[in-house]
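Take a look at the structure below.
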Amino acid sequence: MSRPIIAILRGLPPGDALAVAEALIGAGIDRIEVPLNSPDPLRSIGAMVRRFGDRAQIGAGTVLSPEEVRQVAETGATLIVSPDCNPSVIAETRARGLLSFPG
């Protein structure tokens with residue numbers, strides 16, 4: 001069962017990432033984003049992608065620049081959530097084949 005929501009894990013410490021993702025996926029929440037202003041977000045995202053990337057769409061939120069899109073893409077993430085409609089962020093997200101949710 002998949003629920004049509006995105007879990008926003010603001011402030012998630014990397015040590016909690018796998019347990020939280022497992023609980024969410026078990027509850028049918030298979031779209032997960034870690035805002036880039038969280039503690040070591042790329043580490044959390046990368047760990048979740050490696051463990052659960054075949055069962056969930058995992059990515060970053062609060063993405064403000066094309067460089068951040070590139071960094072997130074390098075983790076294997078599949079989605080980007082940005083707080084605005086910055087054309088360069090949207091273009092980079094699409095160029096990398098990631099799902100885009102602009103604010």
So do [Y] and [X] actually touch side chain to side chain, heavy atoms under 4.5 Å?
X: Leu42; Y: Leu36; answer: yes
X: Val72; Y: Leu79; answer: no
X: Ile80; Y: Leu99; answer: no
X: Asp30; Y: Arg55; answer: no
X: Arg96; Y: Val69; answer: yes

Smallest separation among heavy atoms of [X] and [Y], with atom names:
X: Val34; Y: Pro41; result: CG1-CB, 3.9 Å
X: Ser44; Y: Pro13; result: OG-C, 4.0 Å
X: Arg31; Y: Pro4; result: NH1-CA, 3.7 Å
X: Gly53; Y: Ile58; result: N-CD1, 4.3 Å
X: Leu98; Y: Ala77; result: CD2-O, 3.0 Å

Original post:
Under the side-chain contact (heavy atoms from CB on, under 4.5 Å) test, which residues partner Thr78, sequence neighbours left out?
Top reply: Gln57
Subject >> Under the side-chain contact (heavy atoms from CB on, under 4.5 Å) test, residues paired with Glu67 that sit two or more places apart >> reply: Ser65, Arg70, Gln71
Subject >> Asn37 and Arg10: CA distance, side-chain angles, deciding distance, side chain to side chain contact (heavy atoms under 4.5 Å, CB included) verdict >> reply: CA-CA 8 Å; Asn37 57 4; Arg10 188 168 310 284; 3.1 Å; yes
Has [X] got a side-chain atom pairing as donor or acceptor with [Y]'s backbone, closer than 3.5 angstrom?
X: Glu92; Y: Ser88; value: no
X: Arg50; Y: Gly46; value: yes
X: Ser38; Y: Gly11; value: yes

Subject >> Spacing of CG belonging to Leu24 relative to CG belonging to Leu9, to within rounding of 0.5 Å >> reply: 6.0 Å
Original post:
Do Leu64 and Asn86 pass the side chain to side chain contact (heavy atoms under 4.5 Å, CB included) test, and can you show the C-alpha distance, the side-chain angles, and the key distance before you say yes or no?
Top reply: CA-CA 8 Å; Leu64 302 174; Asn86 181 325; over 6 Å; no
**OP:** Show your working on side chain to side chain contact (heavy atoms under 4.5 Å, CB included) between Ile32 and Ile25 and close with a plain yes or no.
**Re:** CA-CA 9 Å; Ile32 301 170; Ile25 294 165; 4.1 Å; yes
Linked, directly or transitively: [X] and [Y] (ILVMFWY side chains, under 4.5 Å):
X: Val63; Y: Ile6; answer: no
X: Val81; Y: Val89; answer: no
X: Ile8; Y: Phe101; answer: no
X: Phe52; Y: Val20; answer: yes

Original post:
Which ILVMFWY residues are connected to Ile90, directly or by a chain of links, through side-chain heavy atoms under 4.5 Å apart?
Top reply: none
